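Okay, structure first, notes after.
Treat the numbers as computed from the prediction; the structure is a model and nothing was measured. In what follows, chains carry the letters A, B, and so on, assigned in the order in which the sequence lines appear, proteins first and then strands, with residues in each chain numbered from 1.
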Amino acid sequence: MDILTWTYLIVGLTFALYIGIAIWSRAGSTKEFYVAGGGVSPLANGMATAADWMSAASFISMAGLISFMGYDGSVYLMGWTGGYVLLALLLAPYLRKFGKFTVPDFVGDRYYSKTARLVAVVCAIFISFTYVAGQMRGVGIVFSRFLEVQIETGVIIGMVIVLFYAVLGGMKGITYTQVAQYCVLIFAYMVPAIFISMMLTGNPVPQLGLGGTLADGTYLLDRLDGMLTELGFVAYTDGSKATIDVFFITAALMVGTAGLPHVIVRFFTVPRVKDARKSAGYALVFIAILYTAAPAVGAFGMYNMLQTTSNQPMASMPQWVNNWEKTGLIGVDDKNGDGRIQYAKDPAVNELKIDKDIMVLANPEIARLPNWVIALVAAGGLAAALSTAAGLLLVISTSIAHDLLKKSVMTGISERQELIAARLAATFAVVVAGYFGINPLGFVAEVVAFAFGLAAASFFPVIIMGIFSKRMNKQGAIGGMISGLLFTISYIYYFKFMNPAANIPENWFMEISPEGIGTVGMIINFGVSFIISRFTPAPPAHIQDLVEDIRIPRGAGAVVAKH
Amino acid sequence: MENDKKSMREYWRRNIRLLLILLGLWFAVSYVFGILLVDEMNAFRLGGFKLGFWFAQQGAIYAFVLIIFIYVWLMNRLDREFDVNED
């Protein structure tokens, strides 16, 4: 069978599976819609969290980013996994004990303030929309490259699928489709990785293959260092970013991860506090399988690419180079007319243009794997994008129906009406996300830095202080959130949108890039909250009791039963 | 009642101590071994890896998983000891 038939078959089967699960797990109450009824097993929740968290960017782009950044790519590896330690130790168990539906619920109740709740709602909606737009675009791109349909058609098909199971099933539908999507995406990622690792290093475990030897007995990483330095690049295992910047970016990504609302709400779905703890551990295990394979895929990809193209005659390029040249992901331009490809750091000499995404997308072809593996990668990319999109859409719909309508504007609505509102809000969110998928803002990648920066500078500190400081009051929390947000937004806005030409290390505050500035925003948030809270009255006694209560696990079930 | 309060304070104190130790580990494997001391660590090797590079791209992630499961195990024990567990 040819690639296209295989792709239609495999993608079609996975979509049928997602729809089947959605019909089987329809939500009948707001509790099922928002938190899947609170009865998800920790293992299933771990898998769902992993799929929720790993987006089109993790699946398609991350390995490629690492292959071009080498050591500097570690910021993504540590940053996007280390946040789970913070979640497990500092947030998940306590928020589960608190036992409500959303992050703004916690902020609003703990700080006994509608203003605090509103700031939280706006942040949650903004963070989720910026993220979801990128996912819908990812869906469109996978469709256009593998299924040969227009990006627009691809986005619309993706919208219909997500609409179907997010609107019908709510969190319940999303949870069980995410479990299925995790299985699809991890299988699709690991199969090519294992094959390529065997080809290059003879070791079937890519994580070990990365430290393995090539056919001639030299270590892969040593060879890669040598090849790159010869071409004028920094060695693969050395970085070119300042140490302080690596430190702050890693911290911003970790703290941002722990503050992302669509990740946090997943821990509201398990029955007990101890399940929330365990579930964070399972989630990280499932994420780590992909995240420890990604640096191997990146290094293998770079080695293969250099081996195939660098200083080789243009006439003898393998078929995959021609295939991907058509999509514009590879571009060859023989500037000096010697009939060979020169890959070099100097843009005047460099003759090879490669998109980072190729390291994952073209992997099966580079390794000459069977057609069904290529189809599998398409299904995996779609699973990664759809699962994340669904999680984000749910946060948006919950924020609108529960936090804005039910808790702020129309407090009198019944549960049935709230459920209808949630479904309408989810539909609205899908349509908006689809619109941005078809008409992308030119700066989706820049906006992601925004999302992490905002989560790091707002939610993370405010939740931590809500749990670990009984003295923290609403004045402190609101002041901290607003100052952290304002600082982070202005810094990113200035360097990314207002004056991008000035976006160089010499101009940065202490050499910290806009990607890492969320860490500084977080420190400002902590500092300002602390100072303000010391000069304003302590929170009322019932709030202090609430804090005492969320600190002990016993009675978690009872809190949920009150709904 | 007074006894209860005292025991809860002790429970919380032990919890915080455990958190600080585990977060110290978390900080060491990523920020110290993988970033701040990466060049010094790279003088050592782990098979085909320079050690600092290994921590930054693989080791820290394995350690994170271990840290969470150690936390789960010790916290469940602490919950039972202070009789605040859920079952």
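- Side-chain atoms of Gln207(A) and Ile61(B), non-hydrogen and from C-beta on, never get closer than 4.5 Å to each other.
- Of the listed residues (Ser74(A), Gly70(A), Gly212(A), Gly73(A)), the one with the most heavy-atom contacts under 4.5 Å to chain B is Ser74(A).
- Using a 4.5 Å cut-off between heavy atoms, Ala294(A) does not touch chain B at all.
- In this structure, Trp12(B) has its ring center under 6.0 Å from that of Phe468(A).
- Classified by interplanar angle (parallel below 30°, tilted 30° to 60°, perpendicular above 60°), the ring pair Tyr282(A)/Phe69(B) is perpendicular.
- Only the side chain of Ile16(B) comes within contact range of chain A, with at least one heavy atom under 4.5 Å from a heavy atom of that chain.
- Residue Asp275(A): no heavy atom, backbone or side chain, is found under 4.5 Å from chain B.
- Within the 4.5 angstrom heavy-atom criterion, only side-chain atoms of Leu90(A), from C-beta onward, approach chain B.
- Residue contact with chain B, scored on non-hydrogen atoms closer than 4.5 Å, is absent for Leu87(A).
- Neither the backbone nor the side chain of Phe82(B) comes within less than 4.5 Å of any heavy atom in chain A.
- Contact count against chain A (heavy-atom pairs under 4.5 Å) is highest for Val38(B) among Val38(B), Asn42(B), Ile67(B), Asp39(B).
- Within the 4.5 angstrom heavy-atom criterion, atoms from both the backbone and the side chain of Tyr236(A) approach chain B.
- Contacts between Phe64(B) and chain A at a heavy-atom distance below 4.5 Å involve backbone atoms as well as side-chain atoms.
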Discussion item. One pair to check against side-chain contact (heavy atoms from CB on, under 4.5 Å): Tyr71(A) and Ile35(B). What are the steps and the verdict?
Written reply: CA-CA 10 Å; Tyr71(A) 166 78; Ile35(B) 299 176; 4.1 Å; yes
Discussion item. Between Met8(B) and Arg551(A), is the side-chain contact (heavy atoms from CB on, under 4.5 Å) condition met? List the steps.
Written reply: CA-CA 9 Å; Met8(B) 280 310 101; Arg551(A) 287 177 176 184; over 6 Å; no
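- Closest approach of Met78(A) and Gly34(B) over heavy atoms only: CE-O, 4.5 Å.
- Heavy-atom distances place both the backbone and the side chain of Val273(A) under 4.5 Å from chain B.
- Taking the charged nitrogens against the carboxylate oxygens, Asp79(B) and Arg554(A) have no contact shorter than 4.0 Å, which rules out a salt bridge.
- Options Leu284(A), Asp238(A), Leu89(A), Thr81(A) differ in how many heavy-atom pairs under 4.5 Å they form with chain B, and the most are formed by Leu89(A).
- The side-chain heavy atoms of Met75(B) and Pro553(A), taken from C-beta on, include no pair separated by under 4.5 Å.
- Contact tally against chain B (heavy-atom pairs below 4.5 Å) for Thr218(A), Leu220(A), Leu210(A), Val285(A): the top residue is Leu210(A).
- Using a 4.5 Å cut-off between heavy atoms, Ala60(B) touches chain A through its side chain atoms alone.
- Within the 4.5 angstrom heavy-atom criterion, atoms from both the backbone and the side chain of Asp83(B) approach chain A.
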